[in-house]
Amino acid sequence: MKGRWRWVMAVEQKERYEQSVLYRIRHSTAHVMAQAVMEMFPGEAKIAIGPPIADGFYYDFDLPRSLTPEDLEVLEKRMREIIAADHEYEYRIISAKEAKELYADQPYKIELIEGLELGGLDEYGEPIDEPPEISIYAHDTFTDLCRGPHVERTSKINPDAIKLLNIAGAYWRGDENRPMLQRIYGTAWESADDLEQYLWRLEEAKVRDHRRLGKELDLFSVSEDVGPGLILWHPRGGMVRKVAEDYCRDEHEKAGYDFVYSPHIGKSKLWETSGHLEWFEENMYAPLEIEDQKYYLKPMNCPFHVQIYKSKMRSYRDLPLRFAEWGTVYRYERSGVLHGMMRVRGFTQDDAHHFCRPDQMPEEIDRVLEFNLKILRAFGFENFQAYLSTRNPEKSAGDIADWEASTQALQSSLDRSGLPYEIDEGEAVFYGPKIDIKMLDALGREWQLSTIQFDFNLPESFDLTYVGEDGKEHRPYMIHRALLGSMERFMGVLIEHHAGAFPIWLAPMQVEIIPIADRHLGHANNIAERLRERGFRVEVDSRSERMNAKIRDAQLQKIPYMLVVGDREVKTDSVSVRLRSEEDLGAMRVDDFLDLISREAVPSV
RNA sequence: GCCAGCGUAGCUCAGUGGUAGAGCAGGCGCUUCGUAAGCGUCAGGCCAAGGGUUCGAAUCCCUUCGCUGGCUCCA
């Protein structure tokens with residue numbers, strides 16, 4: 001549903017889609033919808049573009065008034081009539097002049113035609129290679145500037161397999177300085193069953209939504225009184241985070257990282273030197289005045305780690321140095337972009353900075369990439385998409401030659417890793433190119449977790465040096481990296497990925513002990529104690545409720561193990577094990593259960 | 001930030017100009033039960049906030065705050 005669906009799909013998948021019947025159906029349905037909208041506002045509707053997207057299509061319009069949900073029903077009804085009339089889609093290649101006459105009263109179309117005519121810009125305003133050819137597709141009263149392809153006739157669209165979904169604002173050509181258009185999103189499938197399935201999928205996605213699960217499982221909240229985009233971690237969410245962090249810290253230690261800590265604010269001079277005030281100020285909060293000095297809340301941890309590096313002379317023998325910190329940063333994000341835990345204003349990065357000699361750089365990138373994947377896999381992630389972000393000409397510091405060399409270094413490392421990746425042109429941060437690893441959320445939106453960023457600018461601007469074998473000063477290279485990204489976003493993605501049923505080692509509560517009657521409480525507490533001694537997270541449901549109710553509640557809380565204890569279990573020092581999958585493992589001795597959970601409550605490998 | 005929609009009890013929601021409701025959750029009793037909700041009872045609300053229209057506003061209008069879906073921007 002996101003505009004960037006084009007990049008979410010792998011290239012081959014995208015090409016296959018563009019040749020599919022479904023693609024033509026959706027494209028044609030978009031035209032039918034546009035016709036219905038034109039009829040609703042005769043002479044007043046201005047049409048923009050209407051392409052197929054991942055699970056449907058959209059069309060952008062400039063209209064005299066705002067559309068309402070009721071309008072969608074009217075439009076949908078009219079669309080079915082148009083479809084039923086079985087109009088043919090007629091293709092024609094026309095000259096630019098002819099096209100301009102045809103769309104004399106359609107300013108957006110005129111702009112598109114001029115783009116094609118003058119210099120090969122496609123409908124998104126992006127450059128294209130092929131020589132542009134202007135073509136139109138017409139059916140019934142509607143003629144669209146369009147390169148197709150379409151179905152032959154409107155009757156190829158199944159009237160029971162289309163649905164208009166929602167209305168949204170969208171800037172013309174994605175530029176916030178240009179007019180805001182009204183976008184109608186719709187979906188179209190080959191069969192009513194497919195549509196049904198798709199709608200069901202949307203409902204399913206809502207069930208996995210981390211904001212809903214966050215409430216239901218009591219993991220986190222956002223308080224209006226604290227402020228938007230500021231997360232409060234509840235005990236259960238906090239436990240998941242603690243376990244995740246503990247694991248990561250241990251792994252970092254094994255991987256040769258040092259742990260550092262840094263403050264939340266720093267003098268303006270620091271941020272001037274680092275370039276943040278030049279390049280990142282719009283994301284930084286207003287400074288605090290302390291004794292006539294301006295201090296800024298940190299949006300990144302790097303300048304502090306750089307200062308630690310600079311605190312003494314470094315020898316080539318000391319490198320690489322790897323400073324890790326779970327550093328909490330604050331960034332101003334525009335109010336409309338905030339989204340649960342996924343997009344917030346204060347977050348804790350599992351951040352680290354590597355300082356190394358130029359000759360160590362390739363190995364250092366290889367290592368961090370490998371370490372990165374290992375960590376993500378431990379949390380049950382298998383499918384991610386890597387991107388190589390290249391220089392943004394309008395937002396970059398330093399020499400172009402350095403940019404090229406470092407981009408090349410990252411790319412070779414990606415090639416060596418065998419990880420599939422795509423190039424994100426112009427998406428780099430101001431100080432260097434980066435490798436990003438992204439995950440999809442429940443609704444198919446992608447979120448960036450890991451980032452590995454090359455930096456040749458901070459070593460320069462802070463004049464970082466090490467003494468080489470030759471006794472002279474040399475400039476180290478620097479890598480910024482965050483693997484989980486931010487604990488907040490990671491938690492959000494983790495919740496959705498597992499639909500709230502965390503892997504056993506991460507589950508905030510691992511075992512619920514369910515005594516059948518009060519006389520079984522003693523045995524229940526005894527078992528709980530034995531499990532706690534072994535480091536497991538256990539609680540006894542001692543409420544005056546029926547066993548069924550206790551099971552239901554534990555099930556809803558997605559607690560991995562429910563241990564039912566009644567007369568039979570007390571007699572034999574055993575427990576009846578029920579899993580959250582609803583599987584009933586039957587009775588087993590407490591010691592056997594301890595073996596079971598010890599085997600299962602571990603990170604994936 | 002922009003376009004649109006929404007904001008009623010802790011949660012999910014009904015109420016659309018005439019005395020604020022339900023279910024769940026919570027408190028208190030009773031119940032002691034074998035794999036997804038035992039029964040009863042009590043309490044809980046400045047209807048997001050502020051202003052206006054009206055004899056009368058949860059309901060209509062305006063402003064602000066917050067949330068949701070997009071757009072732009074980003075970990």
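As the structure is a computational prediction, the values presented were derived from the model and not from experiment. Residue numbering restarts at 1 for every chain, and letters A, B, ... go by the order of the sequence lines.
- Comparing the C1' positions of B/rC65 and B/rC28 gives a spacing of 39 Å, expressed to the nearest Å.
- Checking B/rC71, B/rG69, B/rA36 against the side-chain heavy atoms of A/A168 singles out B/rG69 as nearest.
- Pair assignment for B/rG29: B/rC39, on the basis of Watson-Crick or G-U wobble contacts that are both within less than 3.5 Å.
- Between A/H252 and A/F259, the angle of the ring planes lies from 30° to 60°, which puts this pair in the tilted group.
- A/L449 places none of its side-chain heavy atoms less than 4.5 Å from the side chain of A/K438.
- Within the 4.0 angstrom heavy-atom criterion, no nucleotide atom of any strand lies near A/A482.
- At the phosphate of B/rA75, OP1 or OP2 sits under 4.0 Å from a side-chain N or O atom of A/Q448.
- Dashed line: the shortest gap from a side-chain N or O of A/R211 to OP1 or OP2 of B/rG69 is under 4.0 Å.
- Rounded to whole Å, the separation between the P atoms of B/rU54 and B/rC61 comes to 16 Å.
- For the P atom pair drawn from B/rG10 and B/rC33, the interatomic distance equals 37 Å after rounding to whole Å.
- The nearest heavy atom of RNA chain B to A/D518 and to A/Q349 marks one nucleotide each, and the one closer to the 5' end goes with A/D518.
- Of the nucleotides present, none pairs with B/rG17 by Watson-Crick or G-U wobble criteria with both distances under 3.5 Å.
- With hydrogens and angles ignored, a donor-acceptor pair under 3.5 angstrom links the side chain of A/E333 to the base of B/rA75.
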Before you tell me yes or no, could you show the steps for A/R236 and A/D218 under salt bridge (Lys or Arg N to Asp or Glu O under 4.0 Å), namely the whole-Å CA-CA distance, both residues' side-chain angles and the distance that decides it to 0.1 Å? CA-CA 6 Å; A/R236 294 248 160 147; A/D218 198 13; over 6 Å; no
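- Nucleotides B/rA58 and B/rU68, compared at atom P, are 27 Å apart to the nearest Å.
- Checking the phosphate oxygens (OP1, OP2) of B/rA36, a side-chain nitrogen or oxygen of A/R578 falls inside 4.0 Å.
- Proximity of the aromatic rings of A/H276 and A/F430 is defined here by a centroid distance below 6.0 angstrom, and this criterion is met.
- What separates CD1 of A/I184 from P of B/rC71 is a distance of 15 Å, to the nearest Å.
- The phosphate of B/rG34 has neither OP1 nor OP2 within less than 4.0 Å of any side-chain N or O from A/R568.
- Across all strands shown, the partner of B/rC11 is B/rG23, judged by Watson-Crick or G-U wobble contacts whose two distances both fall under 3.5 Å.
- You'll find a donor-acceptor pair under 3.5 Å spanning the side chain of A/R334 and the base of B/rU72, going by distance alone.
- Separating the NZ atom of A/K215 from the C1' atom of B/rU12 is a distance of 9 Å, rounded to the nearest angstrom.
- Residue A/T451 has no polar side-chain atom (N or O) positioned under 4.0 Å from OP1 or OP2 of B/rA75.
- Between A/R183 and A/D60 a salt bridge is recorded (basic side-chain N to carboxylate O distance below 4.0 Å).
- If you check distances only, the side chain of A/R212 never reaches the base of B/rC11 with a donor-acceptor pair under 3.5 Å.
- Distance CZ (A/R331) to P (B/rC74): 11 Å, rounded to an integer number of Å.
- Contact check, A/R519 against B/rC33: a side-chain N or O comes under 4.0 Å of OP1 or OP2.
- Here B/rC47 sits opposite no nucleotide as a Watson-Crick or G-U wobble pair (both hydrogen-bonding atom distances under 3.5 Å).
- To the nearest angstrom, C1' of B/rA75 lies 17 Å from CZ of A/F384.
- Phosphate proximity of B/rA37 to A/K550: absent, as no side-chain N or O sits under 4.0 Å from OP1 or OP2.
- In this model, the phosphate group of B/rA37 is not approached by any side-chain N or O of A/R552 to a distance below 4.0 Å at OP1 or OP2.
- Within the structure, every side-chain polar atom (N or O) of A/H520 is placed at least 4.0 Å from both OP1 and OP2 of B/rG34.
- Across the protein-nucleic acid pair, A/Y561 atom OH and B/rU35 atom P stand 22 Å apart, rounded to whole Å.
- At a cut-off of 3.5 angstrom, counting only N and O atoms as typed in the model, there is a donor on one side and an acceptor on the other between the side-chain of A/S576 and the base of B/rG34.
- Across the P atoms, B/rC46 and B/rA36 are found 40 Å apart, a figure rounded to whole Å.
- Stacking of A/Y185 onto the six-membered ring of B/rG70 is not present when judged by under 5.5 angstrom between centres and under 30° between planes.
- A/E488 has its CD atom 20 Å from the P atom of B/rC74, to the nearest Å.
- Against the 90° criterion about 0, the sugar-base torsion of B/rU72 places it in the anti range.
- Rounded to whole Å, the P atom of B/rC13 lies 23 Å from the corresponding atom of B/rG17.
- With respect to A/Y257, the ring-ring contact (aromatic ring centres under 6.0 Å, His included) criterion is satisfied by exactly one of A/H305, A/H354, A/H353: A/H354.
- Atom C1' of nucleotide B/rC74 and atom OH of A/Y285 are separated by 13 Å, given to the nearest angstrom.
- If you take CE of A/M341 and P of B/rC67, they are 15 Å apart, rounded to a whole angstrom.
- None of A/H497, A/H210, A/H339 except one satisfies the ring-ring contact (aromatic ring centres under 6.0 Å, His included) rule with A/W447; the exception is A/H339.
- The side chain of A/V344 lies closest to B/rA75, out of B/rC33, B/rA75, B/rC73.
- A salt bridge is absent between A/D455 and A/K434: the closest approach of a Lys/Arg side-chain nitrogen to an acidic carboxylate oxygen does not fall below 4.0 angstrom.
- Annotation: B/rA25 and B/rG66 have their P atoms spaced 33 Å apart (nearest Å).
- Across all strands shown, B/rU59 forms no Watson-Crick or G-U wobble pair with both distances under 3.5 Å.
- With B/rG70, B/rA36, B/rC74 as the candidates, the nucleotide lying closest to the side chain of A/M180 is B/rG70.
- Set against B/rA75, B/rG38, B/rC33, the side chain of A/E545 has B/rG38 as its closest nucleotide.
- Comparing the same atom, C1', in B/rA57 and in B/rG50 gives a spacing of 15 Å after rounding to whole Å.
- When each of A/Y171 and A/E282 is assigned the nucleotide of RNA chain B bearing its nearest heavy atom, the one mapping closer to the 5' terminus is A/Y171.
- Remark: A/R201 engages A/D55 in a salt bridge, criterion side-chain N to carboxylate O under 4.0 Å.
- A/V329 comes within 4.0 angstrom of no nucleic acid atom, judged by non-hydrogen atoms across all strands.
- Nucleic acid contact class of A/E224 (heavy atoms, under 4.0 Å, all strands): sugar-phosphate only.
- Shown here, B/rG66 forms a base pair with B/rC6; the pair counts as Watson-Crick or G-U wobble because both key distances fall under 3.5 Å.
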